[in-house]
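Inspection log for the structure reproduced underneath, given as C-alpha cells.
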Amino acid sequence: MDFLIGLFHATLATMMDVLPITAILFGFQVFVLHRQIANLPRILLGFAFVLVGLALFLDGLESALFPLGRLMAEQLTQPAFIGQAQGWWHYGWVYVFAASIGFATTIAEPALIAVAMKANQVSGGTIGVLGLRIAVAVGVAFGIALGSFRIVTGTPLPWYIITGYVLVVIQTVFAPRSIIALAYDSGGVTTSTVTVPLVAALGLGLASTIPGRSPVLDGFGLIAFASLFPMMTVMGYAQLSEWRARRQRAKVTDSEKEG
Amino acid sequence: MKALLLDFLLSIRDSVRDLLPIVAVVAFFQLLVLQQPLPNLDRILYGTVMVVLGLTLFIRGLEMGLFPIGEAMAHGFARKGSVSWLLVFAFALGFSTTVAEPALIAIAGEAAKVAAEGGVIVNSEASRTAYAQGLRITVALSVGAAIVLGVLRIIKGWPVQWFMIAGYLGVVVMTAFAPAEIIGIAYDSGGVTTSTVTVPLVTALGIGLASSIKGRNPMIDGFGLIAFASLTPMIFVMAYGMIA
C-alpha cells in the first residue's frame, strides 16, 4: 500500500508540472494559430508517456536513491566520520563524494539528455550525445567539489561566482561560435530533478556540522556552482574537439605533402 | 511488433547505462567508505526498476510529444508572422511553467525563513507566506521576461554573449547591494527554474524558430533560451531581497 501512495503523490506532482504547459500549448495552437495538430494521437500518447515516465522516475528516486543519498551526505559530514577535523584537508571523502555524486546525478538528468539529443541532431552529429553529457557532468563534479570546499572554508560565495563569470567571458572570446549558446544552456539544465535534492542535502549537512557555519548563510550556493562550471567544460570540450580536428587536418596535409 | 519490442529493450539498456553511475557511487560509499550494509534492499530494488522504466518512458515521450509540439508551435508562429503573439506565448510559457515549480516553492519558503530570521520581515506565518508568494511571482515574471527576450534575440539574430555578459554585470552589481542572507538563495534560484518538462519544450521551440527563420543558424541562434531563464532570476531575487 505504501508504494501506491508514493506513486500517487509523484503522479500528482507531475500533473501539476505538465498541465499548465499542456493548457498553454493547446490553447495557443487552437485559438491563436487556428491549426489542426498533425499526428495528434501520437503527440498525446507522447505526453502520456512523459507524464507516467516522470512520475515513475520521481517515485523511484524518492523510494530508493534519495533517502540513501541524503543519509550518506549526513553521515559523511558527521564528526563521528570525519573525526577531529583541523582544516579543510580533513574532508577528503566529502570532496570525493561531492564530485562523484555530482557526476553521477548529472549523467542521469533527463533534461540534459533532452538537450544533448537536440544538440546532436542540430549539429549533424558533430556533438555526441554522450560526449556532451560527460563534459557537463565533469563540470558539475568539479563545481560541487569546489562548492563543498567553499562551505568547509567559509569563504564568501560571490568571489567564486564572479571569478567564474570572468573565466566564462574569457572563454567565450576563444570558443567556436557555434558552441557558445549551447554551453550557456548547459549551465541551466544540469540542476533539475536528480541533482538538486541530493546536492542540497549535502550543502545543508556540511553547513550544519562544521563549526562556525550557519545552514542559512552557507548551506546554499552549491547549485550555483553546479550551473557555472558546465559552461566552462562544454566550451573546453568544443575547443578540444576543434583543436584535435585541426591537428588531424594538419597531419593529413603533411602526409599529402610528403606523398 | 518484434521491432518495437527490440527498440524498447534497447532504450531500457540506455536507461540502465544512464543510471549505473549513481548506483555505483551510492554502493561504493555505503559499503566501502562508510562500511554499512544497504538498508531495505527490496525497496531500493523496487525504486531502481521504477527509475529505469520511468526514464525510458520519458525519453520516448520526448521524441513523440514534447519535441514535435515545440517545433510545430515554432513553425506555426513563423508562418503566421505575428511577432506579438509569439512574444505573448513566450511569456505565458515561461511564467506558467515556473510559478508552480516545486523546487521554486521550496526555495521561496527557505528564503522567507532566512528573511524572517534576519529581521527583514516580521517573523509570523502570514508575513512569511506573503514574502514567499511574492518571491515566486517575481521569479516567474523574470523567467517569462527572459523567454520573451530570448525569443526576440532569435528573431533578430543578436549574439547571445552580449546578453549574458550584460546579465553577469547585472548579477555582480546586485551582489554589491543585496543583503548578504539573500545572495546564496538568489544564486541558487537560477538553477532551479528550469524543470524537466520545460527544458525540452523550450529547446525545441528555440531550435524550431531558428530553423524556420531565414538567415538563422539553429546551432548559433537556436540555443540560449534556458541560459536566459537561469540568469534573470538571480538578478530579480536580489532585487526582491532589497525592496521587500
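Proteins come first, then strands; the chains are lettered A, B, ... in the order of their sequence lines, and each starts at number 1.
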Name the region of A:F26, side chain, backbone, both or neither, that has any atom closer than 4.5 Å to a heavy atom of chain B. side chain
Portion of A:A183 that has a non-hydrogen atom of chain B nearer than 4.5 angstrom: neither
Looking only at heavy atoms, what is the nearest atom pair of A:A108 and B:I22, with distance? CB-CD1, 3.9 Å
Heavy-atom closest contact (B:G54 atom, A:L56 atom, distance): CA-CB, 3.8 Å
Residue among B:L19, B:T97, B:I69, B:L66 with most heavy-atom pairs under 4.5 Å to chain A: B:I69
Against chain A, label B:S96 side chain, backbone, both or neither, depending on which of its atoms sit under 4.5 Å from a heavy atom there. both
Assert top hit (heavy-atom pairs under 4.5 Å, partner chain A, pool B:V172, B:T175, B:T48) equals B:V172
Quick check on A:I127 against chain B: is it the side chain, the backbone, both or neither that has a heavy atom closer than 4.5 Å? side chain
Indicate yes or no: at least one non-hydrogen side-chain atom of B:F67 is less than 4.5 angstrom from one of A:I43. no
For A:R177, does the CZ atom have more than 12 heavy-atom neighbours from other residues, nucleotides or ligands under 6.0 Å away? no
If we define contacts as heavy-atom pairs under 4.5 Å, which of B:F89, B:W85, B:F228 has the most with chain A? B:F89
Using a cut-off of under 4.5 Å for heavy-atom pairs, which of A:V18, A:L51, A:V168, A:I24 has the most such pairs with chain B? A:I24
Residue, of A:S63, A:G188, A:A111, that accumulates the most heavy atom pairs under 4.5 Å with chain B: A:S63
Is the shortest side-chain heavy-atom distance between A:D59 and B:Y46 below 4.5 Å? yes
Nearest heavy-atom pair of A:P158 and B:I183: which atoms, and what distance? CG-CG2, 4.0 Å
On a heavy-atom basis, which atom in B:I59 and which in A:M117 lie closest, and how many Å separate them? CG2-SD, 4.2 Å
Heavy-atom distances under 4.5 Å only: say whether A:S227 touches chain B with side chain, backbone, both or neither. side chain
Not counting sequence neighbours, which residues clear ring pair (Phe, Tyr, Trp, His ring centres under 6.0 Å) with B:Y187? List them please. none
Looking at every heavy atom in both B:F223 and A:K118, which two are closest together, and how far apart are they? CZ-C, 4.4 Å
CG of B:L225 to OH of A:Y184, rounded to nearest 0.5 Å, is 15.0 Å
State the CD1-CG distance between B:I44 and A:L68, to the nearest 0.5 angstrom. 5.0 Å
So how far is it from B:D18 CG to A:T106 OG1, rounded to the nearest 0.5 Å? 12.0 Å
Using 0.5 Å steps for rounding, measure from the CG atom of B:L55 to the CD atom of A:E109. 10.0 Å
Between A:A64 and B:R43, what is the shortest heavy-atom contact and its length? CB-O, 4.1 Å
Chain B contact via A:V189 - side chain, backbone, both or neither, heavy atoms under 4.5 Å: both
A:S100 versus chain B, the contacting section by heavy-atom distance below 4.5 Å: both
Residue among B:A180, B:A92, B:A176, B:A72 with most heavy-atom pairs under 4.5 Å to chain A: B:A92
So, the part of B:V171 with a heavy atom under 4.5 Å from chain A: the answer is side chain
Going through the checks in order, is the side-chain contact (heavy atoms from CB on, under 4.5 Å) test met by B:V33 and A:L76? CA-CA 9 Å; B:V33 179; A:L76 280 172; 4.2 Å; yes
Top of A:V32, A:V115, A:L54 for chain B proximity - count of heavy-atom pairs under 4.5 angstrom: A:V32
With rounding to the nearest 0.5 Å, note down the distance linking CG in B:L62 to CZ in A:F47. 10.5 Å
What option among A:L130, A:I101, A:I161 has the most heavy-atom pairs under 4.5 Å with chain B? A:I161
Where on B:E71 is there a heavy atom nearer than 4.5 Å to chain A: the side chain, the backbone, both, or neither? side chain
Taking B:L45, B:V25, B:D188, B:L57 one by one, which has the highest count of heavy-atom pairs under 4.5 Å against chain A? B:D188
Pick one of side chain, backbone, both or neither for B:M164, based on which atoms fall under 4.5 Å of a heavy atom in chain A. side chain
Only pairs of heavy atoms separated by less than 4.5 Å count here; which of A:I180, A:L25, A:L44 has the most with chain B? A:L25
Heavy-atom pairs under 4.5 Å with chain B, option from A:A226, A:A114, A:S123 with the top count: A:A114
Out of B:F58, B:F28, B:F29, return the one with the most heavy atom pairs under 4.5 angstrom to chain A. B:F29
As an exercise, state the distance from CD1 of A:I113 to OG1 of B:T196, rounded to the nearest 0.5 Å. 10.0 Å
Which of parallel (below 30°), tilted (30 to 60°) and perpendicular (above 60°) describes A:Y165 and B:Y168? parallel
